[in-house]
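Remember, predicted model here, so these are calculated numbers, not experimental data. Chain A is the first sequence line, chain B the second, and so forth, proteins listed ahead of strands; every chain is numbered from 1.
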There are 2 protein chains.
Amino acid sequence: MEEGTSKSPTHCADTALEHDYDARQWDVREGCEVRQILDRVADKWSLLVIALLEQRSLRFTELRREVDGISQRMLTVTLRHLERDGLVRRTVHPVVPPRVDYALTPLGATLHDTIQSLVTWTEAHQGEIAAARAAYDGAAAGAGAGAVGM
Amino acid sequence: MEEGTSKSPTHCADTALEHDYDARQWDVREGCEVRQILDRVADKWSLLVIALLEQRSLRFTELRREVDGISQRMLTVTLRHLERDGLVRRTVHPVVPPRVDYALTPLGATLHDTIQSLVTWTEAHQGEIAAARAAYDGAAAGAGAGAVGM
DNA sequence: CAGTATCCCCAGTGATACTG
DNA sequence: CAGTATCACTGGGGATACTG
């Protein structure tokens, strides 16, 4: 499905479509490589792993312990994806108890500010969101529906 | 599942855990409200909808047309989530052909910079990522495995 | 330790039909 | 137009077991 690998790395605004899509700010259409990368980078586990790796390189087990709730499988998958995208570098030390370190590549490090701003925003506004949630649920409950906590 | 509504809106670093979790920069543990909000905000469709709404308010059908590939159901679900979180405001105009406008709330608007930085990063580095992908796939293919394009 | 391989389940998602 | 309701399906993701 992700066969866009060797395809044109250029921005996908060149695909000819009929509907009046004016260049707003970024392409919202499917098949756009930006969409795909965004999905990868904005991924739940990716975000967590990258944030952790920002501090220092970590070993597989360390990551598994730090990222609470991730399964071994998902950690492996996430790590492979990040490695393939050139965001994380995997280093195998040929020692008897196998030791593998994961570290951010320079490219991965450039994500720092972006991710940090996302996290900062979330932390800064979680109170407001919780309040909005409570208000919404309360209104819904009062409006007649009994289903709260959707 | 999302019953943290009326719970403590405070940062979740107060939950007592036994493992030596030092305050790195943000809580990676499950049950943390930040994790949940991050998942919501970093959601594929949410990102797209918010980006679109940043320009101007849109109607349901307009959104469905702009966000290429989204199903009616997912648009509704996404919109409800964003509304509940206080990021989007839903305005119903009581006219004969029902007209509903969706607009970013002030809170939602504060996401602008963050999302924009994410998109900008992606657009700026998609070439590097594509190259990394090609290199990774090429190396894997040369290493013996024939399965490319994972 | 650091994975890979399997099985399996269910939540997310698309398609379709119906309604105010 | 703007949804809601239903059904069916896929694959994301957890649990477990095995391997180098």
Side-chain angles (χ1 to χ4, degrees), chain A residues 1-2 30-31 35-36 39-40 42-49 52-53 57-84 88-103 140 143-147 149-150, chain B residues 1-3 30-31 35-36 39-40 42-49 53 57-84 88-103 140 143-147 149-150:
Chain A
M1 193 79 74
E2 284 88 322
E30 275 195 289
R35 280 269 298 264
Q36 185 197 334
D39 249 23
R40 171 71 37 86
D43 173 70
K44 175 184 183 176
W45 300 127
S46 298
L47 231 42
L48 296 169
V49 167
L52 241 17
L53 253 28
S57 69
L58 291 168
R59 303 175 56 180
F60 187 85
T61 308
E62 290 177 319
L63 277 170
R64 180 148 60 126
R65 187 158 25 84
E66 298 281 4
V67 183
D68 185 282
I70 196 172
S71 68
Q72 193 176 35
R73 193 179 111 83
M74 285 322 294
L75 180 54
T76 302
V77 170
T78 301
L79 251 15
R80 287 291 175 282
H81 280 163
L82 293 176
E83 189 191 356
R84 186 169 102 103
V88 159
R89 187 175 35 117
R90 180 170 177 271
T91 311
V92 182
H93 302 276
V95 293
V96 263
R99 179 189 181 95
V100 180
D101 281 299
Y102 290 94
M150 161 246 172
Chain B
M1 193 82 74
E2 284 89 321
E3 288 310 325
E30 273 197 291
R35 280 269 299 265
Q36 185 197 335
D39 248 22
R40 170 70 39 84
D43 173 68
K44 174 186 185 178
W45 300 127
S46 297
L47 231 42
L48 296 169
V49 167
L53 254 26
S57 68
L58 291 169
R59 302 176 56 178
F60 187 86
T61 308
E62 290 177 320
L63 278 169
R64 179 147 61 126
R65 185 158 26 84
E66 298 281 2
V67 183
D68 186 283
I70 196 172
S71 69
Q72 193 176 33
R73 194 181 115 81
M74 286 321 295
L75 180 55
T76 301
V77 169
T78 302
L79 250 16
R80 287 292 175 282
H81 281 163
L82 294 176
E83 188 192 356
R84 187 167 103 103
V88 159
R89 186 174 37 115
R90 179 171 178 269
T91 311
V92 183
H93 302 276
V95 293
V96 264
R99 180 191 179 93
V100 180
D101 281 299
Y102 290 94
M150 163 244 172

### Query
So which nucleotide does D/dG20 pair with, by the Watson-Crick or G-U wobble rule with both distances under 3.5 Å?
C/dC1

### Query
Out of D/dG3, C/dG3, D/dG14, which nucleotide sits closest to the side chain of A/Ser71?
D/dG14

### Query
Would a 4.5 Å heavy-atom cut-off, applied to side chains only, mark A/His81 and A/Val77 as touching?
yes

### Task
Could you grab the distance from atom CG of B/Leu47 to atom OG1 of B/Thr78, nearest 0.5 Å is fine?
11.0 Å

### Summary
A/His93 atom NE2 is separated from C/dG3 atom P, nearest whole Å, by 11 Å

### Query
Looking only at heavy atoms, which two atoms of B/Val100 and B/Arg90 are closest? And how far apart?
CG1-CG, 3.7 Å

### Message
Nearest whole Å is fine: how far is D/dA2 P from B/Glu83 CD?
### Response
15 Å

### Task
Using heavy atoms to find the nearest nucleotide of DNA chain D for A/Met74 and A/Pro98 separately, return the residue whose nucleotide is more 5′.
A/Met74

#### Entry: Between D/dA15 (P) and A/Leu75 (CG): distance, integer Å
14 Å

### Summary
From CZ of A/Arg80 across to P of C/dT4 the rounded distance in Å is 4 Å

### Message
Can you identify which nucleotide, out of D/dT16, D/dG13, D/dG3, has its nearest atom closest to the A/Arg73 side chain?
### Response
D/dG13

### Task
Please tell me which of the listed nucleotides, C/dG3, D/dG20, D/dG3, lies nearest to the side chain of B/Gln72?
D/dG3

### Task
Quickly work out the B/Leu79 CG to D/dA2 P distance and round it to whole Å.
11 Å

### Task
Indicate the atoms forming the closest heavy-atom contact of B/Tyr102 with B/Leu79, along with that distance.
CE2-CG, 3.5 Å

### Query
Within the pair A/Arg59 and C/dA2, is there a side-chain N or O less than 4.0 Å away from OP1 or OP2?
yes

### Task
Please state whether the phosphate of C/dA2, meaning OP1 or OP2, lies under 4.0 angstrom from any side-chain nitrogen or oxygen of A/Thr61.
yes

### Query
Counting any heavy atom closer than 4.0 Å, what does B/Arg64 reach on the DNA or RNA strands: base, sugar-phosphate only, or nothing?
nothing

### Message
At less than 4.0 Å, is any side-chain N or O atom of A/Arg90 found next to OP1 or OP2 of C/dA2? Yes or no.
### Response
no

### Protein-nucleotide distance (A/Leu63, atom CG; C/dC1, atom P), rounded to Å
14 Å

### Message
I want to check one thing: is the phosphate of D/dG3, taken as OP1 and OP2, less than 4.0 Å away from some side-chain N or O of B/Tyr102?
### Response
yes

### Message
Is any side-chain heavy atom of A/Leu52 closer than 4.5 Å to one of A/Glu62?
### Response
no

### Task
Could you tell me the separation between the CG atom of B/Asp43 and the C1' atom of D/dG12, rounded to a whole number of Å?
14 Å

### Message
Distance check needed: D/dG3 C1' versus B/Asp101 CG, whole Å only.
### Response
15 Å

